[in-house]
Amino acid sequence: QVQLVESGGGLVQAGGSLRLSCAASGRTFSSYVMGWFRQAPGKEREFVACISWSGTRTFYADSVLGRFTISRDNAKNTVFLQMNSLLPEDTAVYYCAARSGTYLAKGESEYDYWGQGTQVTVSS
């Protein structure tokens, strides 16, 4: 069982930056692939980025490639999402998720555990 708690969301102007954190409980954090998803008002939840258990492999949605960076610190059971050059269309609730195995999955249904989400609002 893994419990996930996101933090770091807030209000930022377009072009600004935010760093999201996701703290995980459990001693097996380092064995999980971690992902970030987001859900904008009136839209379905969508994949943002994911990272392998070792942190050596990452995968991004095209919409955030080059602007967002996912990383993890297994010693602190934490995964991060550094978001730069933010756009108003990045406004959403951002969710952290975990899945067992090694496959860098993009599908929402492929993740086993979810956090409650943190709101990110980008003003124009």
Side-chain angles (χ1 to χ4, degrees):
Q1 189 78 5
V2 177
Q3 292 185 323
L4 305 172
V5 179
E6 302 96 334
S7 62
L11 174 64
V12 63
Q13 288 188 330
S17 298
L18 280 176
R19 189 193 197 202
L20 304 183
S21 298
C22 173
S25 65
R27 293 175 292 177
T28 60
F29 171 77
S30 61
S31 67
Y32 286 90
V33 168
M34 300 299 297
W36 285 98
F37 290 74
R38 67 186 182 185
Q39 187 168 20
K43 295 187 177 182
E44 294 186 351
R45 190 151 55 183
E46 64 175 3
F47 168 79
V48 174
C50 61
I51 188 167
S52 63
W53 65 269
S54 65
T56 57
R57 293 184 297 134
T58 58
F59 189 74
Y60 296 92
D62 288 344
S63 59
V64 306
L65 188 62
R67 299 188 299 122
F68 291 9
T69 302
I70 188 171
S71 61
R72 66 191 296 163
D73 184 340
N74 287 341
K76 297 182 178 180
N77 282 12
T78 304
V79 63
F80 304 98
L81 186 67
Q82 178 68 43
M83 305 185 295
N84 299 329
S85 302
L86 282 161
L87 304 169
E89 48 264 46
D90 293 319
T91 295
V93 177
Y94 283 71
Y95 297 90
C96 172
R99 70 179 305 273
S100 57
T102 60
Y103 176 60
L104 296 185
K106 297 186 297 180
E108 181 179 349
S109 63
E110 297 177 275
Y111 285 78
D112 305 305
Y113 304 102
W114 292 84
Q116 293 300 306
T118 184
Q119 176 71 47
V120 172
T121 303
V122 184
S123 63
S124 58

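- Counting only distance, with no hydrogens or angles, the side chain of E6 and the backbone of T118 share no donor-acceptor pair below 3.5 Å.
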Take V33 and F59 through the side chain to side chain contact (heavy atoms under 4.5 Å, CB included) test and state the conclusion after the steps. CA-CA 11 Å; V33 168; F59 189 74; over 6 Å; no
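- Inter-residue side-chain proximity for T102 and R57 is flagged as met; some heavy-atom pair is nearer than 4.5 Å.
- Residues V93 and V12 are members of separate hydrophobic clusters, defined by side-chain heavy-atom contacts under 4.5 angstrom among Ile, Leu, Val, Met, Phe, Trp and Tyr.
- Considering only heavy atoms from C-beta on, W36 stays 4.5 Å or farther from I51 through its side chain.
- The list of salt bridge (charged side-chain N to carboxylate O under 4.0 Å, His left out) pairs with a residue in residues 60-74, not counting sequence neighbours, reads R67-D90.
- Under the 3.5 Å distance criterion, the side-chain polar atoms of R99 are left unmatched by any main-chain donor or acceptor of G35.
- Judged by the 6.0 Å distance and 45° axis criteria, R38 is not positioned over the aromatic ring of Y95.
- Below 30°, between 30° and 60°, or above 60°: for F37 and F47 the angle between ring planes is above 60°, a perpendicular geometry.
- N84 CG to R19 CZ: the interatomic distance, rounded to the nearest 0.5 Å, is 11.0 Å.
- Inter-residue side-chain proximity for C22 and F80 is flagged as unmet; no heavy-atom pair is nearer than 4.5 Å.
- Y32 places a side-chain heavy atom less than 4.5 Å from the side chain of V2.
- Here CG of N74 is found 5.5 Å from CZ of F29. Values are rounded to the nearest 0.5 Å.
- With T78 contributing its side chain and K76 its backbone, the two residues share a donor-acceptor pair below 3.5 Å.
- Y60 is connected to L20 through a chain of hydrophobic side-chain contacts under 4.5 Å among Ile, Leu, Val, Met, Phe, Trp and Tyr, so both are in one cluster.
- The hydrophobic cluster containing L65 does not contain L104, counting ILVMFWY residues as joined when their side-chain heavy atoms lie under 4.5 angstrom apart, directly or transitively.
- In this structure, Q3 contributes its side chain and S25 its backbone to no donor-acceptor pair below 3.5 Å.
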Could you check M34 against C96 for side chain to side chain contact (heavy atoms under 4.5 Å, CB included), going step by step and ending with a plain yes or no? CA-CA 7 Å; M34 300 299 297; C96 172; 3.6 Å; yes
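- The CD atom of E46 lies 12.0 Å from the NZ atom of K106; values are rounded to the nearest 0.5 Å.
- No more than 12 heavy atoms of other residues, nucleotides or ligands shown are found within 6.0 angstrom of CD on Q116.
- Heavy atoms only, all atoms of each residue included: A14 and S124 are closest at CB-CA, 4.4 Å.
- Between W114 and L4, the closest side-chain pair of non-hydrogen atoms is not below 4.5 Å.
- Within 6.0 Å of atom CH2 in W53, 12 or fewer heavy atoms from other residues, nucleotides or ligands are found, so the atom counts as exposed in its surroundings.
- Side-chain atoms of Y94 and L81, non-hydrogen and from C-beta on, do get closer than 4.5 Å to each other.
- In this structure, the side chain of T121 does not engage the main chain of L11 through any donor-acceptor pair within 3.5 Å.
- Under the 4.5 Å side-chain contact rule for hydrophobic residues, L18 and I70 share a cluster.
- Among all heavy-atom pairs drawn from S85 and S17, the shortest one is N-OG, 4.4 Å.
- Using a 4.5 Å cut-off on side-chain heavy atoms (C-beta onward), V64 and M83 make no contact.
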